[in-house]
Amino acid sequence: MKDLFDLALPAKWFVVATKARKEAVAALNLDNQGFRVFLPRMRRTVSHARKISTRAIPLFPGYLFVKASEGARWRSVNGTFGAVKILTNGETPATVERGFIDALKARAGADDIIDFGVGLQPGDRVELIGGPFARQIGALATLDEKGRVTVLLELLGGCVPVSTTAQNLLPA
């Protein structure tokens, strides 16, 4: 495991494909192997059996990021429980574009949950990601301190106000 943290080689971020809905399992097992793991998540409001709950789901379903030196034994990732393989360019692991992970981490909290509602202002174009109007784009009309929002959607030839929470919005 010493080669994972070899200071002579710069550490870079790589993408790991995971099994379906096993991102957290793969992250735990990779962390146990000494890899630095980043699994960005977002909150999603889910309605099931007349119960509404908010869950943290992966921002990139089926993928997570690991940081290691280029000389690391990265092939061990492919045999990790929960992981499918590290993404490669030919025979070498494909690196993540410089600054991408830093930008995600800047928006994430201590629990790696990214809050997209931060920084939204009335008038901004937003996309609904949950509920019956999921994938609809509209204009943010109101936003209060408790996270409740009103979005104006263009439906049936007019503007229809839809009430939801800031957690159900992405900037469009």
Side-chain angles (χ1 to χ4, degrees), residues 13-31 36-67 77 80-88 94-172:
W13 287 99
F14 304 99
V15 181
V16 176
T18 66
K19 293 182 180 177
R21 299 183 184 181
K22 296 294 182 189
E23 297 90 355
V25 172
L28 177 66
N29 289 320
L30 288 166
D31 185 58
R36 187 163 165 210
V37 179
F38 179 53
L39 176 59
R41 298 177 299 156
M42 66 180 189
R43 295 193 195 284
R44 167 77 45 96
T45 302
V46 179
S47 177
H48 179 69
R50 295 187 202 140
K51 292 184 182 179
I52 297 175
S53 63
T54 302
R55 297 181 184 160
I57 63 169
L59 183 61
F60 304 106
Y63 299 95
L64 58 83
F65 304 96
V66 295
K67 187 173 189 177
V77 171
T80 301
F81 187 71
V84 174
K85 65 179 178 178
I86 192 164
L87 300 186
T88 60
T95 58
V96 176
E97 186 176 327
R98 189 181 239 221
F100 179 73
I101 300 296
D102 293 333
L104 285 175
K105 284 185 168 270
R107 294 193 76 154
D111 51 2
D112 290 342
I113 295 178
I114 296 174
D115 185 7
F116 288 102
V118 174
L120 290 176
Q121 299 293 325
D124 289 350
R125 302 280 295 161
V126 294
E127 178 182 356
L128 292 162
I129 59 172
F133 296 106
R135 297 195 164 181
Q136 295 292 319
I137 295 178
L140 182 62
T142 62
L143 172 68
D144 70 11
E145 66 280 349
K146 293 182 181 176
R148 294 182 296 230
V149 298
T150 302
V151 178
L152 296 176
L153 298 179
E154 292 182 21
L155 298 171
L156 303 172
C159 286
V160 178
V162 175
S163 297
T164 186
T165 63
Q167 296 169 345
N168 282 334
L169 300 180
L170 289 177

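Start at 1 with the first residue, then count along the sequence.
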Task: pair I129-L170: side-chain heavy atoms closer than 4.5 Å - done: yes

Task: Pairwise side-chain contact, T164 with F133, heavy-atom cut-off 4.5 Å (strictly under) - done: no

TODO: Could you please spell out the steps behind the side chain to side chain contact (heavy atoms under 4.5 Å, CB included) verdict for F14 and V96?
DONE: CA-CA 6 Å; F14 304 99; V96 176; 5.7 Å; no

TODO: Kindly check if the number of other-residue, nucleotide or ligand heavy atoms within 6.0 Å of OH (Y63) is above 12?
DONE: no

- [ ] Check each of V25, L39, V77, T18 against L30 using the side-chain contact (heavy atoms from CB on, under 4.5 Å) test, and report the only one that passes.
- [x] V77

TODO: Before giving the answer on side chain to side chain contact (heavy atoms under 4.5 Å, CB included), spell out for L128 and L169 the whole-Å C-alpha distance, their side-chain angles and the decisive distance to 0.1 Å.
DONE: CA-CA 5 Å; L128 292 162; L169 300 180; 3.3 Å; yes

Task: Close side-chain approach of V149 to L120, heavy-atom, < 4.5 Å - done: no

Open item on the list: I'd like to check the side-chain contact (heavy atoms from CB on, under 4.5 Å) partners of A56; sequence neighbours left out, ordered by chain and number.
Closed with: R41, I113

Open item on the list: Please enumerate all residues that pass ring pair (Phe, Tyr, Trp, His ring centres under 6.0 Å) together with F38, with sequence neighbours excluded.
Closed with: none

Task: Shortest non-hydrogen separation from A172 to I137 and the atoms involved - done: CB-CG2, 3.9 Å

Task: Spacing of N168 atom CG and M42 atom CE [to the nearest 0.5 Å] - done: 9.5 Å

Open item on the list: Could you measure the distance from the OG1 atom of T80 to the NZ atom of K22? Nearest 0.5 Å is fine.
Closed with: 15.0 Å

Open item on the list: Nearest 0.5 angstrom please: I86 CD1 to T88 OG1, how far?
Closed with: 8.5 Å

Open item on the list: Strictly by side chain to side chain donor-acceptor pair (under 3.5 Å), give each pair with a member in residues 122-138 just once, sequence neighbours left out.
Closed with: none

TODO: Please state whether the rings of F60 and F65 are parallel, tilted or perpendicular, taking 30° and 60° as the class boundaries.
DONE: perpendicular

Open item on the list: A side-chain contact here means heavy atoms from C-beta on lying under 4.5 Å apart; do P40 and D112 qualify?
Closed with: no

TODO: Indicate the atoms forming the closest heavy-atom contact of G62 with E23, along with that distance.
DONE: N-OE2, 2.6 Å

- [ ] Please name the pair of heavy atoms, one in K19 and one in A83, separated by the smallest distance, quoted to 0.1 Å.
- [x] CE-O, 4.2 Å

